[in-house]
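Proteins come first, then strands; the chains are lettered A, B, ... in the order of their sequence lines, and each starts at number 1.
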Amino acid sequence: MSTPATHFNEREFVICQISRLVEDRYVYWVGGGGEPLSSVLLAKRTTAPNLQYLTEDGVVGPEALVPFDPLMTMISSRANYRALQWGTMNYAADLAHLGYVDYGILATLQVDRYGNINSTVVGKYAGGEGRRFGGPGGADSIAALAWRTILVTDQQKRKFVERVDFISSPGFLDGPGARERHGLPPNTGPWRVYTPWAMYGYGDDCQMMLQAIAPFVTVEQVLEELSFRPALAAKIEVLEVPTEEELLVLRSQIDVGGQVTDRGRWIELKDGQYQLVQA
Amino acid sequence: MSTPATHFNEREFVICQISRLVEDRYVYWVGGGGEPLSSVLLAKRTTAPNLQYLTEDGVVGPEALVPFDPLMTMISSRANYRALQWGTMNYAADLAHLGYVDYGILATLQVDRYGNINSTVVGKYAGGEGRRFGGPGGADSIAALAWRTILVTDQQKRKFVERVDFISSPGFLDGPGARERHGLPPNTGPWRVYTPWAMYGYGDDCQMMLQAIAPFVTVEQVLEELSFRPALAAKIEVLEVPTEEELLVLRSQIDVGGQVTDRGRWIELKDGQYQLVQA
Amino acid sequence: MRILEEGKSDYFKVAPDSYREFVRDHKPHRMVSKLITHKEAVERFVHDGDYLAYDCNYFQRGPSSLIREIIRQRKQKLWICGKFTYVACALLVEGGCADRIDIGFIGFGPWIARAVREKKCTIYEYSNAIVTLRLKAGAMGLPFLPARSFGGTDGFARSGCKIVEDPYTKKPVLLAPALNPDVAIIHVHQADEYGNARVFGTGIAHQECALASRRVILSAEEIVETDELRRDPARTSIPHFAVDAVVHAPFGAYPGTVQGYYASDPAGVVEAMGAMFSGDFREYLKKHVHSVASHEEYLEKVVGAKKLIEIRRRETIREGYGA
Amino acid sequence: MRILEEGKSDYFKVAPDSYREFVRDHKPHRMVSKLITHKEAVERFVHDGDYLAYDCNYFQRGPSSLIREIIRQRKQKLWICGKFTYVACALLVEGGCADRIDIGFIGFGPWIARAVREKKCTIYEYSNAIVTLRLKAGAMGLPFLPARSFGGTDGFARSGCKIVEDPYTKKPVLLAPALNPDVAIIHVHQADEYGNARVFGTGIAHQECALASRRVILSAEEIVETDELRRDPARTSIPHFAVDAVVHAPFGAYPGTVQGYYASDPAGVVEAMGAMFSGDFREYLKKHVHSVASHEEYLEKVVGAKKLIEIRRRETIREGYGA
């Protein structure tokens with residue numbers, strides 16, 4: 001039941017990576033949709049059928065009916081179908097404050113060495129000169145209160161910066177102890193950053209460390225696409241590609257319309273090597 | 001529809017007094033049972049059919065089915081029947097904080113010149129030497145948060161004291177401004193104190209003032225039954241006796257078993273005078 | 001209890017005492033009928049310069065028909081509570097109604113940077129959870145509530161929050177200032193004519209929003225008897241005494257969904273999102289707001305019966321959405 | 001934010017960080033069956049010296065069968081959360097189980113003064129609302145919540161509350177310390193084997209109590225399928241991950257009522273109140289606790305089928321008490 005796929009795209013690759021982290025025994029808080037929700041829905045249909053997740057509108061443990069209509073990932077009957085409990089936003093925040101959220105999974109716009117997240121403005125804040133985005137939304141509480149935060153973003157130089165232009169949601173701020181000094185609960189923070197090309201963790205110094213890469217890129221290619229140099233793990237692992245079984249579920253049940261995965265480049269197995277298909 | 005009664009007891013007298021204060025247009029918070037609840041239920045069946053009240057368990061606007069089983073004034077199906085809303089204790093407290101509670105009605109054990117309420121201990125607190133009672137219960141929040149508090153107690157020297165042995169629930173504490181200094185909202189506090197013999201209000205000095213007496217006692221008799229001398233209103237009014245119609249409703253619908261009213265002395269009209277029947 | 005850090009932004013004034021007085025003097029403690037039209041409700045209860053909160057958003061059980069009516073009446077200088085929002089803030093700013101936003105999450109696009117650059121709009125930075133907590137503080141009659149998020153962000157510095165030393169644990173803890181909006185608009189599944197209302201399913205903060213706000217307009221898919229509500233009091237989400245106006249608004253959340261009643265209209269969602277991402281709302285506002293005089297006319301002429309039947313058909317789930 | 005006044009009493013330690021760690025490490029995040037007996041639940045989850053919270057009381061949808069089991073097992077040195085209570089505190093103190101009480105309201109009588117005089121029991125003074133607010137703070141993962149009552153009382157001085165200068169309004173405001181009990185016992189209408197539970201009707205603080213407490217024992221009138229609960233998720237009052245044990249306890253609130261299911265037994269109420277007012281619990285405890293080994297035996301031998309049928313018959317209201 002585990003056949004390595006030979007043809008998939010970057011988005012599918014990263015969703016499958018995160019999906020495999022997700023275990024039955026934990027409670028998750030998932031961002032509004034996109035890769036985070038797809039990862040959890042995939043896990044629930046493959047390795048972790050009893051997995052339960054929370055969303056920002058206070059839904060606890062739904063048996064979501066996919067696919068959803070566009071944007072209908074919360075406060076909609078299909079997303080919230082046959083939940084164990086329905087609450088509200090403040091209820092979801094209470095559960096997160098209490099420490100019930102083992103993992104928060106967040107798609108981010110820009111991230112820095114310390115895992116700080118920017119979803120507010122790229123460029124200068126003052127005077128509206130930068131490019132403005134939507135604000136932290138629910139990500140701030142996930143990043144502050146989940147025990148471990150898993151970030152998902154693209155492997156692009158402009159997305160991995162030395163210091164984000166605006167900290168919308170907290171990573172390790174400026175290093176050890178900073179979260180606690182600003183009132184956040186201890187022993188929380190970024191845990192993994194996933195891109196279609198790589199996976200990063202964090203050392204005791206709260207700084208990003210490259211831990212694994214996709215089989216279709218080199219470490220050098222990855223490092224090209226960061227605007228700072230992260231620490232490197234003693235041994236850089238190679239991430240496993242999606243299986244045919246995962247892709248079948250993802251494509252036929254979860255993202256049928258391609259709303260989430262229909263971006264990014266394709267990868268194929270060619271001459272015994274996984275390679276990015278040139279556009 | 002208003003025939004002065006000729007035979008009633010002290011408890012019935014005081015319930016009818018309070019019932020007449022109760023108007024349709026206000027929201028009330030009522031203590032656990034006894035005279036306060038009886039007064040409200042009587043008003044709802046006589047002068048104020050649309051009156052709504054809250055209780056400590058968060059019931060909003062019930063159409064209570066009387067009589068209740070003993071003690072079953074909250075979290076019971078008859079007391080909470082066909083309410084507009086069901087909540088919890090914290091919800092009731094929220095509404096009180098917000099200023100929705102126009103009147104709180106409280107039966108009290110001991111009260112002082114400033115309207116402070118003792119339901120904790122009569123006598124010395126330390127070492128358990130005094131006679132211990134149940135504590136403030138829900139009365140503390142009513143006394144703190146209702147716009148106007150109506151107290152009900154017996155006209156007995158030991159119940160009207162210069163200073164209560166223990167402030168369980170706040171009256172005016174030690175005078176003007178004291179409530180605010182201790183964090184209570186402004187323009188709140190005791191408004192009336194009712195006993196079977198008299199009605200008191202409060203002056204600008206926050207001290208109790210005798211305003212009216214029952215037709216079956218004299219001012220002197222009343223003053224005998226306080227252990228301090230209250231201010232006297234310029235004109236002491238005489239309270240109107242219960243009507244036959246009120247008593248019919250009270251006896252046949254509200255307190256059928258006499259749980260509330262079966263205490264206190266009887267009054268009868270004799271020789272054109274209302275008189276306490278000698279035991 | 002030392003103040004360790006303070007946000008430096010202006011914020012809507014915290015005043016629990018004056019809110020209490022407002023409740024005492026102006027909230028309808030008595031059960032009186034409040035059934036009026038969209039037009040009258042917005043005329044009477046939304047004032048220029050108000051702080052406005054809406055619950056949910058233009059696509060998800062939000063008061064979309066009331067948002068359109070506010071724009072239609074060209075209300076001005078509103079300060080809006082922009083949490084959990086795709087297009088509502090954009091419509092209110094570009095419709096000329098709002099010039100300040102407390103942000104949790106809003107749908108972006110070129111409109112927002114332009115509005116800020118042109119000084120048509122001032123932004124105050126929060127997060128969805130902190131804005132919603134502020135409403136909760138307002139709904140509890142308190143001046144603030146503590147939280148353990150938001151500290152350390154750049155939003156904090158541009159907010160009304162503070163970090164103090166918790167007198168119990170001696171550790172830093174965030175305080176979020178209470179929010180008591182001047183007016184709230186909330187879309188519900190069912191209400192009686194007095195404003196006792198039921199919301200089915202999950203939500204953002206309908207109860208908090210109603211209890212925290214000075215004036216409250218409900219739009220309701222269905223008007224039901226009070227006796228119907230009394231059969232199941234645990235389902236009552238909002239009590240009448242918090243409510244000033246009840247507007248019968250079938251399909252009031254269109255193009256959004258009302259869970260259990262009708263699905264969203266994906267084409268309608270895409271049309272609104274398209275206007276937002278292009279930064280040009282002129283066509284959208286003309287067609288969806290100004291071309292008609294009322295919600296009824298909007299449903300008749302712009303949306304049409306066929307669409308209404310289709311979105312009702314497309315909502316195939318009932319479980320949990322009825323009493 | 002200056003501290004203006006402080007209660008001088010000991011209070012159960014405020015520790016949101018350690019509570020979070022407990023939740024992470026010991027709460028059952030996974031759905032596992034938790035259906036066990038009264039005996040096993042109390043043996044495993046109630047420890048000598050625990051801070052114990054019960055929801056409601058011995059007469060009103062309270063965990064009466066679990067209270068009897070705790071006394072039967074002669075648990076000791078409990079610190080109990082004595083809110084909204086007629087006889088539960090008296091039974092636990094006179095049963096030899098409890099030696100500290102946070103008081104909101106308790107049924108009194110000679111027992112309490114005697115217990116205090118003989119130093120068998122220490123009292124800490126709060127009110128129903130403040131104790132319940134403390135549980136709410138505990139259920140929100142916060143160190144404290146503000147309130148605008150309780151200041152100025154003599155109870156305040158004997159509590160763990162503080163009055164601080166509100167940094168927003170500059171006025172004095174009370175802070176109540178969070179309460180995270182070691183163990184909570186809660187009686188519910190329905191639960192599944194995992195601990196997802198429904199309470200119908202009004203209540204004191206069942207949800208707060210469950211979310212605030214390290215260990216949670218539910219006793220349930222009915223055990224239902226999880227799929228039944230999923231049909232109406234708005235009715236779920238308590239989520240499974242807060243719960244450690246589910247005990248099937250039909251008539252678990254006897255002699256009290258469970259709204260919609262059965263009435264109280266007035267004779268049983270009077271018998272317990274009589275013991276309390278006389279200050280002599282020996283007969284009561286012997287008959288109602290120690291004469292039997294289990295709740296099942298209690299219903300069979302002490303209460304009897306006739307009484308059970310009678311109290312069920314006497315509850316004639318169903319509206320609102322079913323999903």
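- Across A:G183, A:G137, A:A144, the residue that shares the most heavy-atom pairs under 4.5 angstrom with chain C is A:G137.
- When heavy atoms are compared at a cutoff of 4.5 Å, C:Q207 does not approach chain A at all.
- The greatest number of non-hydrogen atom pairs below 4.5 Å with chain A, out of C:T153, C:I112, C:D166, C:I103, is found for C:T153.
- Using a 4.5 Å cut-off between heavy atoms, A:S169 contacts chain C through its backbone alone, with no side-chain atom that close.
- Residue C:R148 holds its CZ atom at 8.5 Å from CG of A:L184, rounded to the nearest 0.5 Å.
- Distance check, rounded to the nearest 0.5 Å: CZ of C:F105 to CZ of A:F133 gives 10.5 Å.
- Heavy-atom distances place both the backbone and the side chain of C:E319 under 4.5 Å from chain A.
- If you measure heavy-atom distances from C:I163 to chain A, the contacts under 4.5 Å come from the side chain alone.
- Contacts between C:E208 and chain A at a heavy-atom distance below 4.5 Å involve the side chain alone, from C-beta outward.
- Residue A:N90 holds its CG atom at 4.5 Å from NZ of C:K136, rounded to the nearest 0.5 Å.
- When A:G58, A:G87, A:P70 are compared by the number of non-hydrogen pairs under 4.5 Å with chain C, A:G87 comes out ahead.
- If you measure heavy-atom distances from C:F84 to chain A, the contacts under 4.5 Å come from the side chain alone.
- Residue A:R163 places its CZ atom among more than 12 non-hydrogen atoms of other residues, nucleotides or ligands, all under 6.0 Å distant.
- Within the 4.5 angstrom heavy-atom criterion, no atom of C:L4 approaches chain A.
- To the nearest 0.5 Å, atom NE2 of residue A:H182 and atom OG of residue C:S149 are 14.0 Å apart.
- Using a 4.5 Å cut-off between heavy atoms, C:A147 touches chain A through backbone and side chain atoms alike.
- Of the atoms belonging to C:L133, heavy atoms from both backbone and side chain fall under 4.5 Å from chain A.
- The minimum heavy-atom distance between C:S127 and A:D140, with the atom names listed, is OG-OD2, 3.3 Å.
- Side-chain N/O atoms of A:N80 and C:T202 include a donor and acceptor closer than 3.5 Å.
- At least one donor-acceptor pair under 3.5 Å links the side chain of C:Q60 to the backbone N or O of A:M74.
- Residues C:E125 and A:Y125 meet the side-chain proximity criterion, which asks for heavy atoms closer than 4.5 Å.
- For a residue to count as touching a neighbouring chain, one of its non-hydrogen atoms must lie under 4.5 Å from one of that chain's; by this rule A:T120 touches chain C with the side chain only.
- In this structure, no portion of C:R114 lies under 4.5 Å from any heavy atom of chain A.
- If you run side-chain hydrogen bond (donor to acceptor under 3.5 Å, both in side chains) between A:S77 and each of C:E315, C:R318, C:Q259, only C:E315 comes through.
- When each of A:A93, A:A139, A:G128, A:A83 is checked for heavy-atom pairs under 4.5 Å with chain C, A:G128 comes out on top.
- Most heavy-atom pairs under 4.5 Å with chain A: of the set C:I123, C:V199, C:L174, C:V131, this distinction falls to C:I123.
- For A:D69, the part sitting under 4.5 Å from any heavy atom of chain C is the side chain, from C-beta outward, and nothing else.
- Top candidate by heavy-atom pairs under 4.5 Å with chain A, chosen from C:K83, C:E5, C:K119, is C:E5.
- Summarising the geometry of C:Y126 relative to A:P136, their closest heavy-atom pair is O-CG, 3.1 Å, with the distance given to 0.1 Å.
- What you find for C:G151 and A:P170 is that their closest heavy atoms are O-CB, 4.5 Å.
- If you take CZ on A:R78 and CD1 on C:I317, they are separated by 6.0 Å, rounding to the nearest 0.5 Å.
- For A:E180, the part lying near chain C is the backbone, with the side chain staying farther off; criterion is any non-hydrogen pair under 4.5 Å.
- Contacts of A:L65 with chain C are made by side-chain atoms alone, with heavy-atom separations under 4.5 Å and no backbone atom involved.
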**OP:** Go through A:L71 and C:V269 one step at a time and tell me if the side chain to side chain contact (heavy atoms under 4.5 Å, CB included) criterion holds.
**Re:** CA-CA 8 Å; A:L71 302 183; C:V269 168; 3.7 Å; yes
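- Summarising the local packing, CZ of C:R2 is surrounded by 12 or fewer heavy atoms from other residues, nucleotides or ligands at distances under 6.0 Å.
- Contacts between A:L145 and chain C at a heavy-atom distance below 4.5 Å involve the side chain alone, from C-beta outward.
- If you tally non-hydrogen atom pairs under 4.5 Å between each of A:G138, A:P185, A:S76 and chain C, the highest count goes to A:P185.
- A cation-pi arrangement is absent between C:R158 and A:F166, since the terminal nitrogen or guanidinium carbon is not both under 6.0 Å from the aromatic centre and inside a 45° cone about the axis.
- Interatomic distance, A:S168 OG to C:F150 CZ, rounded to the nearest 0.5 Å: 9.5 Å.
- Looking at A:Y81, the atoms closer than 4.5 Å to chain C (heavy atoms on both sides) all sit in the side chain, from C-beta outward.
- Contact check for C:V116 versus A:E129: no side-chain heavy atoms found under the 4.5 Å cut-off.
- Residue with the most contacts toward chain A among C:G82, C:C121, C:G203: C:G203 (heavy-atom pairs, distance under 4.5 Å).
- Heavy atoms closer than 4.5 Å to chain C are found in the backbone of A:R181, but not in its side chain.
- For C:Y86, the part sitting under 4.5 Å from any heavy atom of chain A is the side chain, from C-beta outward, and nothing else.
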